[in-house]
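What follows is one structure encoded as structure tokens, with my remarks underneath.
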Amino acid sequence: MKRRATQSIESQFAAVVVLRVRAAIYESAAQTRRTLGWRAPTTSPNFAVELLTTLRDRSRDAVRKDGYAKGVIDKLVYNSVGTGLVPMPLSVNKQFKKLALKFWKEWTDYSDADGTLEWYGQQSEAVRCWLEAGEVFLRLRSRRPEDGIRVPLQVQVLEPEMCPHTYNGTAPNGGRIRAGIEFDAIGRRVAYYFFASRPGDLNDWNQGDLRRVPAESVLHVYKPVRAGQVRGIPHLTQALVKLRELDKFDDATVLRQQLTAMFVAFLKKAASTDAAIVPILGRPTESAQGDTRPALRLQPGIFQELAPGEEIQFSNPPDVMAGYQDFIKQQLRGVSAATGVPYEILTGDMSGLNDRTMRVVLHEFRRQIMAEQHQTLAFQLCRPVWRAWMDRAVLLTDVFAGVVTPAEYLADPEPWQAVKWMPQGWPYMHPVQDRQAAKDAVRSGFMSRTDVVAEQGEDAEAVDLQQAADNERADELGLVYDSDPRYTSSAGLTQARPTGSVIPGQEEAADAAAAVPEKEDEDEDDGGAEPAAFPPPAGRY
């Protein structure tokens with residue numbers, strides 16, 4: 001027994017030592033006075049999905065009522081999408097690329113299954129829903145020939161409530177259903193389950209049962225922050241409580257100022273010695289109060305005579321609490337940190353910034369936006385739509401007849417589907433310096449003209465065609481601009497021209513010069529000696 005007791009004491013001592021060692025290594029993992037009450041449950045990335053309904057409702061409520069919450073979403077949508085992410089086909093076949101851009105542009109006007117927006121407007125709608133609710137679904141809807149759409153495809157944007165995140169179980173085929181999504185044996189998404197109409201619409205009683213939609217017809221746009229996460233979380237999640245408390249504090253401050261400003265002045269009277277005083281209330285009786293005069297109404301230019309013993313005391317309402325502006329600014333900086341939108345962009349407050357610090361702020365914000373454009377918008381939203389459109393354009397229509405056959409396309413679709421999505425270009429922060437830097441980078445070989453044009457959201461080949469058309473039109477009209485590098489340098493001087501080229505408007509002079517016979521070489525027999533140097537003119541040269 002003594003030996004067992006000794007072992008028990010030793011084991012307890014060892015356990016205490018281990019805990020202290022661990023606490024010394026990771027203080028935040030230790031149970032100390034500073035961490036007392038910190039409850040951090042161990043949960044899977046999908047356990048919190050049960051709380052999505054509350055998060056979505058509060059996020060949408062904040063966007064509806066709170067200007068800063070709406071500003072966060074607006075800034076992210078306008079910077080992420082702007083005028084839209086535009087496809088730039090990468091096919092080496094120029095005729096295919098030309099036709100693809102032509103008929104894609106035509107299709108964008110008819111892309112919306114609801115008939116409300118065009119494709120780039122749908123991008124903004126989808127991104128706004130993704131940010132507010134944490135995710136968005138888009139359904140690819142095939143159309144019949146009689147629908148009148150050249151490429152028979154439309155896209156329908158669906159809010160995430162259409163796919164119930166509380167629906168779990170086993171599909172008839174044995175697939176596992178988790179949060180409204182059906183997975184096969186190796187974890188691939190094979191189907192989604194949607195209501196017939198939007199839950200919560202009190203005017204629509206025909207919601208019906210769940211409908212199974214194959215995964216190849218559904219796009220699920222969200223940002224998984226943990227491995228294995230199957231549904232998305234609203235972007236404002238970490239800022240919702242702070243936004244609500246800040247809004248209540250701001251309203252209370254405004255109300256306080258309103259109440260204190262309601263009274264302009266007070267009329268003080270001497271207490272009557274004859275009036276009976278109520279002991280409990282400490283004021284004259286009702287009969288005595290009936291003799292009081294009505295409150296004075298102040299008007300411009302009035303001269304008010306006061307009775308003996310009366311005195312006017314003007315109100316002196318307190319100013320806004322000291323440090324109010326700094327407090328609000330600090331709270332909004334916390335909101336900016338939680339949402340990824342810089343304080344200066346969210347509020348428009350540029351005080352204390354110069355062009356260099358503002359450049360740093362914009363670079364950080366734009367880097368975040370570019371990551372979202374590439375990882376989420378282009379990959380999850382735009383690329384699947386482009387591939388679905390290309391499949392139907394090649395296999396179900398004749399828009400690419402004579403360029404590629406369905407058999408060639410099916411044999412290897414990747415070269416034909418290759419595309420680069422170009423977002424709207426960022427405006428120059430310093431136009432002169434930025435353009436000069438781009439020019440120097442091209443001349444130094446650090447980047448190509450294609451890269452420079454792509455940064456502005458344009459297609460370099462399209463720009464080249466436009467320049468060629470402009471040059472041809474200028475030549476036909478006899479116009480020479482100092483911006484034309486064929487004839488004029490950047491300094492405004494005449495530029496050396498290619499052999500055979502003629503400045504517009506000087507064709508006759510060029511023809512006359514060409515008609516003059518060439519002068520014989522007088523130095524042909526001088527033994528190869530250099531001609532005598534012509535003396536410079538007198539004066540400064």
Side-chain angles (χ1 to χ4, degrees), residues 81-109 111 118-121 123 150-151 370 373 378 382 386 389-390 393 399-400 402-403 416 418-507:
V81 179
T83 57
L85 277 71
V86 181
M88 186 176 73
L90 301 179
S91 174
V92 296
N93 189 314
K94 294 184 178 181
Q95 182 64 15
F96 176 86
K97 178 178 178 179
K98 181 179 179 180
L99 292 175
L101 291 176
K102 174 185 176 182
F103 290 109
W104 170 268
K105 183 177 181 181
E106 175 188 294
W107 174 82
T108 56
D109 291 341
S111 65
E118 44 86 52
W119 165 241
Y120 302 108
Q123 289 183 7
R150 190 189 300 270
V151 178
M370 292 169 65
Q373 289 172 338
C382 298
W386 173 263
W389 181 87
M390 190 62 68
V399 297
F400 293 109
V403 180
W416 308 102
V419 64
K420 183 177 181 181
W421 290 91
M422 304 302 301
Q424 183 181 7
W426 301 111
Y428 289 120
M429 286 182 284
H430 195 299
V432 176
Q433 294 181 1
D434 292 345
R435 287 193 176 99
Q436 185 61 43
K439 178 180 178 181
D440 294 341
V442 172
R443 294 182 64 87
S444 302
F446 297 147
M447 62 189 309
S448 64
R449 289 177 51 252
T450 300
D451 293 334
V452 175
V453 176
E455 288 182 353
Q456 298 304 307
E458 302 291 344
D459 186 352
E461 293 186 12
V463 172
D464 290 342
L465 292 176
Q466 292 176 359
Q467 290 181 345
D470 290 345
N471 293 337
E472 182 179 358
R473 184 173 62 255
D475 292 346
E476 291 177 354
L477 298 176
L479 303 175
V480 178
Y481 297 99
D482 59 1
S483 61
D484 191 342
R486 300 176 302 162
Y487 306 122
T488 309
S489 67
S490 59
L493 303 177
T494 301
Q495 188 92 317
R497 300 182 299 279
T499 303
S501 63
V502 179
I503 298 179
Q506 298 185 9
E507 293 83 356

| message | Ignoring hydrogens, what is the shortest heavy-atom contact between Val403 and Gln95? Give both atom names and the distance. | response |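 Shortest heavy-atom contact: CG2-CG, 3.7 Å.
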
| Nearest non-hydrogen partners of Ala454 and Met422, listed with the distance |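 Where Ala454 meets Met422 most closely, the heavy atoms are O-CE, 3.0 Å.
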
Atom [atom1] of [X] and atom [atom2] of [Y]: how far apart are they, to the nearest 0.5 Å?
{"X": "Glu461", "Y": "Lys97", "atom1": "CD", "atom2": "NZ", "result": "3.5 Å"}
{"X": "Leu85", "Y": "Tyr120", "atom1": "CG", "atom2": "OH", "result": "9.0 Å"}
{"X": "Gln373", "Y": "Gln424", "atom1": "CD", "atom2": "CD", "result": "9.5 Å"}
{"X": "Phe400", "Y": "Trp416", "atom1": "CZ", "atom2": "CH2", "result": "9.5 Å"}
{"X": "Asp470", "Y": "Leu479", "atom1": "CG", "atom2": "CG", "result": "11.0 Å"}
{"X": "Leu465", "Y": "Asp459", "atom1": "CG", "atom2": "CG", "result": "8.5 Å"}

Hey, does [Y] have a side-chain heavy atom less than 4.5 Å from the side chain of [X]?
{"X": "Trp386", "Y": "Pro89", "value": "yes"}
{"X": "Arg449", "Y": "Asp464", "value": "yes"}
{"X": "Asn471", "Y": "Tyr487", "value": "no"}

| query | Donor-acceptor pair, Gln123 side chain versus Gly84 backbone, under 3.5 Å? | reply |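 No, the answer is negative, given that no donor and acceptor are paired below the 3.5 Å cut-off.
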
| Are the side chain of Ser91 and the backbone N or O of Asn93 linked by a donor-acceptor pair below 3.5 Å? |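 Yes: the side chain of Ser91 pairs with the backbone of Asn93.
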
| request: State whether a side-chain donor-acceptor pair under 3.5 Å links Gln436 with Asp440. | output: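 Side-chain D/A pair, Gln436 to Asp440: present.
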
| task | Indicate the ring-plane relationship of Trp107 and Trp119, choosing parallel, tilted or perpendicular according to the 30° and 60° boundaries. | result |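 Judged by the thresholds at 30° and 60°, the geometry between Trp107 and Trp119 is tilted.
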
| message | Taking CE in Met447 as the centre, count heavy atoms belonging to other residues, nucleotides or ligands within less than 6.0 Å. Is the count above 12? | response |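 Yes.
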
